Amino acid sequence: MLKHPAFHIDVGTCTGCKTCMIACKDKNDLADGVKWRRVSEYAGGGWVKRTDGTVTQDVFAYYISVSCNHCEDPICVSVCPTTAMHKDESGIVLVDTTKCIGCHYCEWACPYRAPQYNAAAGVMSKCNFCIDYQREGKPPACVAACPTRSLTFGEYDDLKKRFGESALMAPLPDPSITKPNLFVTPGRTAKPMGSGNGSISNPEEV
Amino acid sequence: MVGSEWPLVYFTILVQMSVGLLIVSEVACLTGGAAARDLLRGRESFSFVLGAVGLAFSFGHLGSPMHSPFALFNLAHSWLSREILCTSIFLASLVALAITRYTATFKAFARPVAVVAFVVGLATVYVMSQVYMIVTVPAWNSPATLLNFVGAALLLGSLAAGLLAYFRWPGEDGAETRTPIACIMSLALLFAGLGLLAKFIEIPISLFAGLETNARGVSATAAVLTDGLGPYVLQIVLLIVGTALFVYVANAAMRGNKAVLSMVGIGAFLITLAGEVLGRFAFFDMHVLIGL
């Protein structure tokens with residue numbers, strides 16, 4: 001079991017195939033509409049005037065796969081009135097369903113939309129970093145399923161040494177709000193955080 | 001979130017009205033003397049019923065209401081825990097106020113209990129606003145949320161207090177009843193005016209705060225001013241019409257005239273309440289998260 005687990009996503013190699021989403025849904029037997037991992041397609045661009053007076057396009061699209069980032073300063077944990085949303089000893093953010101009142105407050109606050117409502121049980125649910133797999137020494141289902149090896153996981157410090165500081169990239173929110181345990185390597189067309197020249201083009205999927 | 005948060009719409013409005021009724025009626029009783037207290041007798045009980053019905057509505061929002069005792073477990077960090085605690089203490093203080101006022105044994109405690117209820121009521125409205133001032137929801141995370149809730153408390157509380165006194169008032173011509181009703185109505189008009197002013201300051205601030213477009217290309221302001229424009233404009237019209245009708249009723253009462261105005265008074269209250277309900281639905285529709 002890792003002491004301080006974190007995710008890494010290489011946006012440059014992610015093809016947006018959503019195998020990670022499906023693997024997560026399958027492994028956790030998630031209900032219709034509940035997605036602990038979501039792959040957003042961020043797209044945009046337009047016409048750009050060149051120095052010779054002609055115009056060209058700068059359209060772009062890339063994918064970013066995000067689940068719960070088990071943040072260092074998780075807003076879902078601080079707003080939760082019951083303490084059902086909590087961090088365990090290794091920093092994994094979990095829901096104690098015997099305490100959760102299903103008030104949706106965590107869902108309202110998380111900028112990654114990680115907490116998802118389980119309507120059948122009347123409580124919130126979320127990515128648990130495949131804690132059971134990790135205890136067996138196996139990688140999380142999403143990481144194991146990724147065909148391009150764009151998703152990885154590991155000790156926070158090891159990932160930091162390997163991939164460097166996380167990129168501040170659109171459409172991710174300002175990491176200073178929750179301090180996510182997520183490292184992002186941007187692709188060739190990645191836009192800086194808050195650039196506002198694109199939008200998530202598959203909102204119905206995420 | 002369109003319509004899905006209706007339990008919270010009624011919870012927040014009823015609790016705010018309950019606080020407003022207590023504030024306006026207690027101030028009116030302090031200034032209006034024994035006759036005003038008689039016209040507003042049972043005010044704490046009305047306030048309690050409003051708050052208790054509001055609190056009952058809040059359970060409709062929960063997926064697992066049986067777990068609700070756990071909701072007080074995170075008072076150190078969660079404004080929602082604090083909101084539930086404050087609302088519960090407020091309601092308990094109203095019960096205590098009714099007991100101390102209407103039982104001879106505890107009458108001496110009525111005034112300190114009233115002060116506690118007054119202060120906790122104000123705290124409840126403040127804490128309620130903090131629940132929604134979430135850093136990741138720009139349209140809510142502005143002073144407009146506090147102004148909205150304070151405005152609702154003062155406006156609806158004034159109308160409720162004014163009408164309570166108005167229906168108790170026998171309408172007889174004479175200084176002994178005209179003076180207290182005039183005192184209550186003038187205070188109700190003052191607080192209703194302040195409440196309406198808060199609403200009109202709040203509306204542009206909240207629209208400005210909600211201008212930011214998130215990564216999904218959604219802006220809270222654009223949402224309420226496009227699909228929600230009709231109800232949004234209607235709430236403003238209803239608040240103005242309802243308050244104007246109340247001004248008419250209050251002025252008539254201050255002149256000692258009670259004839260034919262009861263239905264107008266009820267109409268003023270219901271129209272203003274409808275405006276608040278529409279406005280609160282619009283408030284919940286302005287929940288637009290930053291980020292993904």
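By convention in this document, chain letters (A, B, ...) are assigned in the order of the sequence lines, proteins followed by strands, and residues within each chain are numbered from 1. Just so we're clear, the structure is a prediction, and the values are computed from it rather than from any experiment.
Looking at B:Leu8, the atoms closer than 4.5 Å to chain A (heavy atoms on both sides) all sit in the side chain, from C-beta outward. If you measure heavy-atom distances from B:Gln130 to chain A, the contacts under 4.5 Å come from the backbone alone. Only the backbone of A:Glu107 comes within less than 4.5 Å of a heavy atom in chain B; its side chain stays farther off. For a residue to count as touching a neighbouring chain, one of its non-hydrogen atoms must lie under 4.5 Å from one of that chain's; by this rule B:Ile134 touches chain A with the side chain only. Contacts of A:Val66 with chain B are made by side-chain atoms alone, with heavy-atom separations under 4.5 Å and no backbone atom involved. For A:Ala84, no part lies under 4.5 angstrom from a heavy atom of chain B.
Of the listed residues A:Ala119, A:Cys110, A:Ser78, the one with more heavy-atom pairs under 4.5 angstrom with chain B than any other is A:Ser78. The candidate with the highest count of non-hydrogen atom pairs below 4.5 Å against chain B, out of A:Thr98, A:Asn202, A:Ile75, A:Thr97, is A:Thr98. In terms of heavy-atom pairs under 4.5 Å with chain A, the best-connected choice from B:Arg82, B:His61, B:His77, B:Glu83 is B:His61. Among A:Pro203, A:Gly198, A:Cys80, the residue with the largest count of heavy-atom pairs under 4.5 Å with chain B is A:Cys80. Residue with the most contacts toward chain B among A:Cys103, A:Gly102, A:Pro81: A:Pro81 (heavy-atom pairs, distance under 4.5 Å). In terms of heavy-atom pairs under 4.5 angstrom with chain B, the leader among A:Ile64, A:Val77, A:Val79, A:Val123 is A:Val79.
Heavy atoms of other residues, nucleotides or ligands lying less than 6.0 angstrom from CZ of A:Phe163 number more than 12. No more than 12 heavy atoms of other residues, nucleotides or ligands lie within 6.0 Å of CZ in B:Phe208, so this atom counts as exposed by the packing criterion. For NZ of A:Lys27, the number of neighbouring non-hydrogen atoms (other residues, nucleotides, ligands) closer than 6.0 Å is greater than 12.
Side-chain N or O atoms of B:Ser64 include none that pairs as donor or acceptor with a backbone N or O of A:Ile101 at under 3.5 Å.
Going from atom CG of B:Asn214 over to atom CD1 of A:Ile200 covers 7.0 Å, rounded to the nearest 0.5 Å. Atom CH2 of A:Trp108 and atom OG1 of B:Thr136 lie 11.5 Å apart (nearest 0.5 Å).
Residues of residues 146-154 of chain A lying under 4.5 angstrom from chain B, judged on non-hydrogen atoms, do not exist here. Heavy-atom proximity under 4.5 angstrom to chain B picks out A:Pro171, A:Leu172, A:Pro173, A:Ile177 from residues 169-182 of chain A.
Here the side chains of B:Leu289 and A:Arg113 are in contact, with some heavy-atom distance below 4.5 Å. The shortest side-chain heavy-atom distance between A:Tyr105 and B:Val131 falls under the 4.5 Å cut-off.
The heavy-atom pair separating B:Leu292 from A:Ser40 by the smallest distance is CD2-OG, 4.1 Å. Heavy atoms only, all atoms of each residue included: B:Arg216 and A:Ser199 are closest at C-CB, 4.3 Å.
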